[in-house]
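Counting starts at 1 for both ligands and their atoms, following the listed order. In what follows, every heavy atom counts, from backbone to side chain, and hydrogens, waters and symmetry copies are set aside. If you read the sequence from its start, that first residue is 1, and numbering goes on from there.
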Amino acid sequence: TPHTVLLATTKPFARDAVGAIKTICEEHGLVFEKLEGYKDRAELYEAVATAEACIVRSDVCDEEFFSHAKNLKVLVRAGAGVDAIDLPAATNHGVCVQNTPGQNSNAVAELVFGMLLAHKRNYFDGNSGTEIRGSSLGLYGCGNVSRFVILAAQGFGMDIYAYDPFLTPDQIADLGAEPLYDVPSIFKCDVVSLHVPATRETKQSIDGKLLRSMPKGGVLINTARKNIIREADLLKALVERPDLSYLADDKPENTEEIKESLGEARVKKQFLVTPKKMGAQTAQANSNSGIAAAKQIVEFFRGGLVKHQVNINGKHF
Ligand code: NAD
């Protein structure tokens, strides 16, 4: 019997991307099913009960999910961050979990500069703004997204620095950034951009001390995860320092409190959050990551190369 692939997304992919995923599955003899924009977990559990492969986006895949997914062999996160997936639970249920790194990285990098430039030009309200040429840029994490950020930042004439303990200083230099050796050094830059996964080390790693250490007019851009930052400290730092700004793609839990505390005029100057996560929301990123996910599933069932598995040998990233 042919294997069934379920595309389960609370936040649906662009239609072309769904079409491409379906085509790849069917061309390779797989049965394609989809559950888009589901409202409750029961719908997801029912849909996944018979699937042997599943493609998700930021969808939560916890122990309960895996216990309902009786036939599941492979789960592909179309995207980079696997923090919504309980990897030890997946391993216990014998499910291979993969992601599709690099496929949405350019989209995220373009959002970084979109937010930064709009902010520096006062959202084009007619008031004089400032330029980014000659500013320093500090990157926390130097993976796929940072690589595209570096390429753009070179074009903008920024001085680029990066901290990533999983790369050698030479590797960071080869990517076009000057290597840094600790997190506090990143926060000496005019613009700091966060590109680390949410892990035990990075969660809650940005505290008031780091925020207060930023230079005058410092801008912190977060297209990673909100839980990298201590949100109470963020609120305090923004209130205390009218020159600091926070531009983010993952809305802090205390967004309303931040907005109330700053007041309208300062919100405009200091605080930008996208209404929904927008980083990977481009036609290209949807297609790239969806197609990559479908191809990885085809390979998995062919017994070919298992790419980008994130729960190998009990090691969880
Ligand atoms: P990636 O895995 O390619 O790169 C992450 C880098 O962080 C790696 O080079 C890794 O070595 C480094 N790193 C890990 N732990 C670190 C630590 N403690 N200190 C410093 N560096 C560390 O991932 P990516 O594609 O560049 O994406 C980065 C993160 O951005 C993702 O994990 C995800 O949370 C987020 N993301 C968000 C969107 C969005 O829609 N806003 C889209 C893609 C990714």
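Protein heavy atom in closest approach to atom 32 (O) of ligand 1: Pro197 CA, 3.2 Å. Looking only at protein heavy atoms, the nearest one to atom 4 (O) of ligand 1 is Gly143 CA, 3.2 Å. Nearest protein heavy-atom neighbour of atom 3 (O) of ligand 1: Asn144 ND2, 2.6 Å. Taking atom 22 (C) of ligand 1 as the reference point, the nearest protein heavy-atom neighbour is Val196 CG1, 3.5 Å. In terms of protein heavy atoms, atom 11 (O) of ligand 1 is closest to Asp164 OD1, 2.8 Å. The nearest protein atom to atom 15 (N) of ligand 1, hydrogens excluded, is given as Phe166 CE1, 3.3 Å; this is a heavy-atom distance. Looking only at heavy atoms of the protein, atom 17 (C) of ligand 1 is closest to Thr202 CG2, 3.8 Å. The nearest heavy-atom contact from the protein to atom 37 (C) of ligand 1 is Thr223 O, 3.1 Å.
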- Task: Take Leu7 and Ile21 through the test side chain to side chain contact (heavy atoms under 4.5 Å, CB included) and record every step on the way to the result.
- Result: CA-CA 9 Å; Leu7 173 66; Ile21 295 169; 4.3 Å; yes
- Under the side chain to side chain contact (heavy atoms under 4.5 Å, CB included) rule, what do Gln296 and His308 come out as? Steps first, then yes or no, please. CA-CA 9 Å; Gln296 286 172 213; His308 308 308; 3.5 Å; yes
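An N or O contact shorter than 3.5 Å links Arg225 to ligand 1 by distance. Residue contacts with ligand 1: Val145 is placed with a nitrogen or oxygen under 3.5 Å of a nitrogen or oxygen of the ligand (distance criterion only). In terms of N/O distances under 3.5 Å, ligand 1 is not approached by Pro165. Residue contacts with ligand 1: Asn104 is placed with no nitrogen or oxygen under 3.5 Å of a nitrogen or oxygen of the ligand (distance criterion only).
Classification of Asp243 and Arg241 as a salt-bridged pair holds, one side-chain N sitting under 4.0 Å from a carboxylate O. Under 4.0 Å is where a charged nitrogen must lie from a carboxylate oxygen, and between Asp125 and Lys268 at least one such pair does. Using a cut-off of 4.0 Å between Lys/Arg side-chain N and Asp/Glu carboxylate O, Glu231 and Lys226 are scored as not salt-bridged.
The local environment of NZ in Lys22 is sparse, with at most 12 non-hydrogen atoms from other residues, nucleotides or ligands closer than 6.0 Å. Enclosure of atom NZ in Lys209 is not indicated, since only 12 or fewer non-hydrogen atoms of other residues, nucleotides or ligands lie within 6.0 angstrom.
No side-chain heavy atom of Leu6 sits under 4.5 Å from any side-chain heavy atom of Ile55.
Close to ligand 1: Ala224, with a non-hydrogen atom less than 4.0 angstrom away. The closest approach between a heavy atom of Gly79 and any atom of ligand 1 is not below 4.0 Å. Residue contacts with ligand 1 include Asp249, since one or more of its heavy atoms lies under 4.0 Å from the ligand.
Residues Asp190 and Ser136 have side chains that bring a donor and an acceptor to within less than 3.5 angstrom of each other. Under the 3.5 Å distance criterion, with hydrogens and angles disregarded, a donor-acceptor pair is assigned to the side chains of His93 and Glu63.
Contact atoms of ligand 1 toward Val108: 38 (C), 42 (C), 43 (C) (distance under 4.0 Å to a heavy atom of the residue). Heavy-atom contacts of His195 reach the following atoms of ligand 1: 5 (C), 6 (C), 7 (O), 28 (C) (cutoff under 4.0 Å). Those atoms of ligand 1 with a heavy atom of Gly279 less than 4.0 angstrom away are 39 (C), 40 (O), 41 (N). Heavy-atom contacts of Gly141 reach the following atoms of ligand 1: 7 (O), 21 (N) (cutoff under 4.0 Å). Proximity to Cys142 (heavy-atom distance under 4.0 Å) selects the following atoms of ligand 1: 9 (O). Of all atoms in ligand 1, numbered sequentially from 1 with element shown, those under 4.0 Å from a heavy atom of Tyr140 are 19 (N), 20 (C). Near Ala80, meaning under 4.0 Å from any of its heavy atoms, are these atoms of ligand 1: 25 (O).
Between Phe156 and Phe113, the gap from one ring centroid to the other is short of 6.0 Å.
Note: Phe271 and Tyr246 have parallel aromatic rings, judged against thresholds of 30 and 60 degrees for the angle between ring planes.
Among Thr91, Val48, Asn92, Val95, the single residue meeting the side chain to side chain contact (heavy atoms under 4.5 Å, CB included) criterion with Phe66 is Val95.
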